[in-house]
Structures are given as C-alpha cells and as structure tokens.
Amino acid sequence: MTLRGAGRALGSATVFAATLVVGAGAVLAQGGPAPGRTPAEMVATYNTLADAILAVKNTETNLVRTILGATYAHARVELERARKAIKAADAKASETALENLAADVAEMGTEGDSAVGAVRKRLLEGGHHHHADGEAKGIYDEGYVVVTRVAKQSFLDASKAIGQMARAPKADGLEAEWKEVETTWASLMKDNG
Amino acid sequence: MEGGGDDLGEPHEGQRLRRNALVLLCFAGIACARHAAAPVSTPLPVSAAPAATRFYFVDVAAQAGVTRVTWAGRPGKDHLLDSAGTGAAFLDYDRDGRLDLYIVNGWRLDGARVVERGRNALYRGLPGGRFEDVTDRSGAGGEGEWGAGVAVADYDAGGWPDLLVTNFGRNVLYRNRGDGTFENVAAPLGLASPGWNTGAAFFDADGDGDLDLYVASYIDCTLEDVLHAKPTLDWKGLEKVAAGPFGFKGAPDHYFRSEGGKRFVDATAEAGLEDRALGFGFAVRAADFDGDGDPDLYVANDSDPNYLYRNEGNGTFREVGVWSGCALDANGAAQASMGIATDDVNGDGLLDVLVTNFSQDFSTLYRGIGGGLFEDASEQTGVGPITYLPMSWGAAFADFDNDGDLDLVIANGHIYPQIDRHPEVAGTFGQRNLLLENRGGRFYDVTAQAGPGFETVASSRGLAVGDFDNDGDLDILITNLDAPPTLLRNDSRAGSWIEIDCELPGGRLNPIGTTVTLRAGGRTQRRDIASGDSYMSSHDPRLHFGLGDAQTVETIDVRWPGGSHTLRKDVAARRLVTIRKGS
C-alpha cells in the first residue's frame, strides 16, 4: 500500500465516524430499543465503526511499512554509492556513503527517525499499543508496528558495523553486513506482507 | 608548539601536609594575610583514613558552613518537577585561588501553595576549608525562579567566571562584574528562554572563538500544571505516584550561537541541533567525542534515545547517536537517562561515556572504540550490575585515590517517596551514593569502605567534583532534595598528583574545550575543560591528575581551542601548575 492508499483509509475512517453519529441519532429518533436488546441499527453502526477502527490499524501498519520502505530504498542508494566509492578507493566518498547507510539501517531498526519516534511516543501516551499482546510477549518494543525486537537488534548491530567501516571500508565486510540487512528485511516484509 | 607557563603552587604548598593540623593552621594564617578581604576562619578539623581503608570521605558541609536547604516541591513529589532536583558547581568566582560553591535551589510547595522560593546559594571559599554565604552581597540568588542547573564559563572573555542558571522559568545569566557581584544579563543577551530548562553546556560550536550555548529542556508544562498535579501514575499496582514523563509533551532543546559574547541568537535549526524527537532532555556534555579536533555534543534524554550531535566542522551538527552506538543500551532499548560522565576511562586515548539511568536498570558505560563510535561495556566493566538497583543522577569519573586511573562517583535517589512503603520492591526514596574503584578497567563497589561520607542516605541529584581544600585530591559536592548539600572532603590515602590551571592571554580563565594530555609514571592521561557536566552541574575547571608513585610529570601537552599546543616537560608533581597560552 502506498501513502496515497493510507490517506484513503484515513478518509474512510472519518466517513465511518460520521455515519456513527448519524446512525445513533436515527435510532434515538425512532423511540429506543426493545427491552433487553441492543437496537440492530446500533449494532450495525458499531460494526461499521469496528471496520473503521480495524482499517485505521491496518493503515498504521501500511504507513509504517511505507516509512520503512522509503528508508530501505534510500539505504540501497547509499549502498551503491558506497560500493562504487570503495571500488574507486575514494575514501571521502565511501566514508560519507557508509555513514549515510549506517544511519538508514539504524532508522530501519528504530522504525523511523527521531521525528517518527516522537509520534510513536504520542500514541503510547494516548494508550495506543499497536501490538499490545506482542509487547507483553517480548516480541515487539513498545509502540513498534512492524519491526520486531529481533529485527531491531539485527538492524542496529548491522548499522554499528557499517558505521565502523566508514573510516576503514572493506568491500567484503560491507557485503556481509548488507546480506544481514536484506535477510532481516525480507523476513519482516514476509511477515507483514 | 608554544612553550612556557607559570607555576602557581601557593595554595598547595602548605596544605600538602594537611594531616598535620599545626601546619594547616599556619597556612590558614598566611592565606588570610594575602587575601585581606577574607574573614578569619578556623580550619576544619582534619581526619585520616583508617589504616585498613583506601578511600575515606567525610561530609563536612555543616561544619564548613554549607547549610542552605535545597527545596524540591512537595514532600509527596506530586509532579516530576518536585523530584528533578538541582545542580551545583565548583568555581573560583573571585579568583583568589580557593574554590567557591554555587548551589541551585528549587521551590517549596504545600499542595498548590508556594511556601518558599528557594534562593540559590553562592558560598565563598575561606582559608581552612570553610565557606561564607555571600549570596546576598553577590546578587546571585536566582531571581526567584525555580532553579534547575548551572554552567560556569567566562562567556564574554571578561576574565571572570560567569554563571548560567537554568530554570523552570526564565534562564539567568549572571555576568561576573569582577568585584564580587553579579548582574543578570540573560534577557538583553537573548538567553532568558522560559520553559523547563535543564542541563546546559557552553562550548565553541562553530570555532569562531566565542562560547555558544546548548540548553536541554524536559517537558512542556506550566506552573499551573505543576501546582495542581496529583499523583496518578500506578506504580507496580502498589502506589499512585507522579505521572510522566510519558503523558507529557517533550519540550525542545535550544542552541544559542554567541555573537562575540555580546548577544546570543537561537540557531537551533540552522546548526542541525533540532530536537526532533522532543526528547525529555536532562544532561548535556560537550567534548570532542570523535577526536577530530572540534567539540561534539552529547545529550542524555529521559526515556528517549540519547543524542550524539557530531560537529561537522562548519558550525553544523549531525545527530549520529543510534548508529554510533551510544543512544541505546546493548539491547537496543532507550533508557531513562539522567546524568553524564565522560573521560578516557581505560587510558586508550578515546573518550568513554557513562549515562546514569532509572532504578532497576543499568547505568550504561559506552566505551569509545575510535572514530566517534561506541560499544556498550556496562556488563564487562562491572558498572552495569553495580548500578542496577539505585536511581542515578549526577556522576563523575575522577581519580579519588590518585593512583593514576579514574574511579567513578554516582549520586543516587529515587523520585517516588511512596516506595518507602515497599522497600523490598525497588529500595527506598533516599539512597546511598556510590563510589566505584577502577582496578585495571573494571569497576568495583567500594562504597561501604569509603568512610562516613558515603553512609548518608538522601535523595541526591547534582554532583560536582573539585579540590576545594587545595590538598591535591578531589572532593565531591552533591545536592539533595529538601536537605542541605553534601560536601565530601576526600581524606583518602592518596598518591602523587598534579593540577593544571589553563589560561588564555589577557587572563581569560579555563578555556572551554582545552585538552591536556599528560605522561607520567608510564601512563598517558587526558582531561578536558568543560562547562556543564554530570547532572546539571559544573566541575572544578582546573584539571586534576592522579600520578601514583610518580614525582615528576614527563610531559604536559595542552591543546588549546583552535588547535595550537603548549608543551611542558619534566614538571615536578604535587602542585598546581598554571599554563598560559603563548607565555
């Protein structure tokens, strides 16, 4: 799903919320439910709201996937730059590219940069845990949506290793670390596809 | 290389034999004669470490006249501001060769009522290790704000140390007039910046020769929020305690670029120092973490990844904390960081960083591995397990026994007094501070063998180290919530030492960012001069080196801001040496 898709789903949620207000108003106008039973219209509206809530959660997943996808794409660009610079023995260019690559891989581990972290913090403050169950089981860090703890550690380890290469670049070392990144990335995308 | 330098052994010559009270009395008399304005002061009684112990600290605060209580909100600590505490500084504001103390103060509350706006305290060092409260006549009482931290620097190159006091409220910049009085120039210079300001550091960020300033901020809240706060956070299902920092919006940090010390301009975004995560910032330390000759900046954030801003050499910075290995712990988790200590702990020429954290979590020691990169060495060095239970704040690496390596002192104290009803769960609100001895790069808890000064149980916060009695070993100043400060005089069985005071031409003191590398007794040691360190505090700007058995320092290499060097050879130990650039 693209960012445009995410926007569509958020728009749908707004429509559903409006439907809820209108639906509830209609039921009240009809004189209330039969004793002991929730009015069918309210159940239907609640179902509609449930669709919206679940859609928002899916949208969150897709948005975070998109953020990660953009970071991954940028990492690949920096990887190519690093490869070329190492091959050309251009120390300054390889240092820059490797540091940028390290930063990208770190951001994959932290599921976005610090600005995204601020949004995640807001959601947690509001009581929203995308994977409350997964957090309790130790699979996810608090508020994380796509990146598991295992994947996070793998990305962070790789980012540090790549960062260490910046001043002493090694082509084979870079390939080994990137292979780790690719493996972790593929696993995440498979689980969140 | 530049040569030269003057020796200034005066305050040390007599006190070297401090354990002889008669000699000390004589010294006090001489000192009084030289500083006619100093009141006559009876020297504090001295103590000697028992034969079986190496470290021995005695709290002499009350005897020395350091008695003003630092207030911290309400007894129940209903808001985090009630428990954030304050910083402290060692400085020599009157340039008489004796260290003075500056203690920042908070407010005392009763529910939503302000009972007392605590006044900051400036204590002037007197001969014999006593202090005189000169707050009133100096005019440095804090302007009625709820104080947080202090950073000391000669921001205007006037030749006198000035004081930046950060506040929950408007910052105060006390310009030292040089006659024992101060004036607040924060507003006209553009530094007042109201908010919950915390740790601050002066440093020459853009290499133009003047001192710029970074001020961290904690949470975005008003005094009304503080006054009407109630403990609403569920603590382990046992107690309701102060809420936060989650649930509050972080306040952005600020970077102020100095324009020749005449004016400060908020250049936070321009310099790449934007606090994009709105982290809950507490402590700040500037140092050359990547060894490329310009100052970088480390910011400890509570519950958010810490920042390492790398200086790109053109007045701009890049945040590189996560991939350089010093933003998160070994498990990739952000910690609730409070204070910072940095130094070359293992003598490999690279800066290491300790970050103090919440209780039931390690304080993390990030070992420098070169190029501005770090690895978490908390477990390996023993620091992690020792610091797991207490809640830790101010900290400093310092060679307390003068054996040539850096020990570690940490101020502790919880933020929730309610935990005292369940001491078995996470300890108590008041805690003992920690002293860790460095033995070959691994740290050992020697608190219990460190004398009566380390038996105090309090909720401590700010911490600064300095040789206030000029006897060649480092003493410790600690602030405590709702109590007077602790002043730990070091009476340990210590080895040889040297202290170095650096000056620029024209008498400008202790240039921030100066690095001194010293070789003695087969060891190479390095220190730097900083303004803003530990937890919202500032250490003695004179650089102290323990030398073990060495009686001579083979080389002293001073690297001045800008990159020039001064080299001195074969310098006798056990004295204070003043080195002036270009002399």
Side-chain angles (χ1 to χ4, degrees), chain A residues 71 75 78 91 95-96 98-129 135 138 140-144 147-169 177 181, chain B residues 219-220 233-234 243-253 269 272-281 290-292 299 301-310 312 318-335 366-376:
Chain A
T71 310
E78 294 296 345
E95 183 179 345
T96 303
L98 285 167
E99 285 187 356
N100 290 342
L101 178 59
D104 285 337
V105 174
E107 279 183 22
M108 290 164 71
T110 53
E111 215 176 76
D113 65 5
S114 55
V116 174
V119 178
R120 187 162 54 235
K121 195 162 68 175
R122 269 193 65 208
L123 289 167
L124 287 170
E125 287 161 8
H128 172 69
H129 294 248
E135 288 174 15
Y140 291 94
D141 269 356
E142 271 200 325
Y144 277 57
V147 178
T148 61
R149 275 191 174 180
V150 172
K152 178 182 183 181
Q153 193 65 59
S154 171
F155 285 138
L156 292 179
D157 289 346
S159 76
K160 283 186 257 186
I162 294 165
Q164 286 173 29
M165 279 177 217
R167 293 191 185 183
E177 291 303 331
V181 173
Chain B
I219 61 175
D220 183 6
L233 179 68
D234 183 82
F246 278 126
F248 294 114
K249 185 182 171 195
D253 301 352
L273 289 163
E274 226 171 352
D275 180 8
R276 297 187 74 217
L278 292 178
F280 304 118
D290 57 1
D292 67 351
V299 182
N301 289 317
D302 180 359
S303 309
D304 289 304
N306 299 320
Y307 298 140
L308 175 59
Y309 289 109
R310 189 180 66 186
E312 299 293 89
R318 179 179 184 181
E319 205 287 297
V320 298
V322 174
W323 65 264
S324 66
C326 59
L328 307 167
D329 71 5
N331 299 313
Q335 296 177 285
Y366 298 107
R367 180 161 53 206
I369 56 174
L373 304 170
F374 297 85
E375 62 184 10
D376 186 336

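Heavy-atom basis, side chains included; hydrogens, waters and symmetry copies ignored. Throughout, a chain's letter reflects where its sequence line sits, starting with A, and its residues are numbered from 1.
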For [X], is it the side chain, the backbone, both, or neither that has a heavy atom closer than 4.5 Å to a heavy atom of chain A?
{"X": "B:Asp304", "answer": "side chain"}
{"X": "B:Ala334", "answer": "neither"}
{"X": "B:Asn301", "answer": "neither"}

*If you tally heavy-atom pairs under 4.5 Å against chain A, which of B:Arg276, B:Lys249, B:Glu319 wins?*
B:Arg276
*Among B:Leu328, B:Leu278, B:Val320, B:Asn331, which has the most heavy-atom pairs under 4.5 Å with chain A?*
B:Asn331
*Report yes if the side chains of B:Trp323 and A:Glu99 come closer than 4.5 Å at any heavy-atom pair, otherwise no.*
yes
*Just wondering, do B:Ile369 and A:Lys160 contact through their side chains at under 4.5 Å, heavy atoms?*
no
*Considering heavy atoms only, which positions within residues 121-129 of chain A lie below 4.5 Å of chain B?*
A:Lys121, A:Glu125
*asked:* Quick check on the structure: residues of residues 147-154 of chain A within a heavy-atom distance below 4.5 Å of chain B, by number.
replied: A:Lys152, A:Gln153
*Counting only heavy atoms closer than 4.5 Å, note whether A:Asp157 contacts chain B via side chain, backbone, both or neither.*
neither
*Heavy-atom pairs under 4.5 Å with chain B, option from A:Ala118, A:Ala115, A:Gly109, A:Ala158 with the top count*: A:Ala115
*Can you name the nearest heavy-atom pair linking B:Val322 to A:Ala106, along with the distance?*
CG1-CB, 3.6 Å
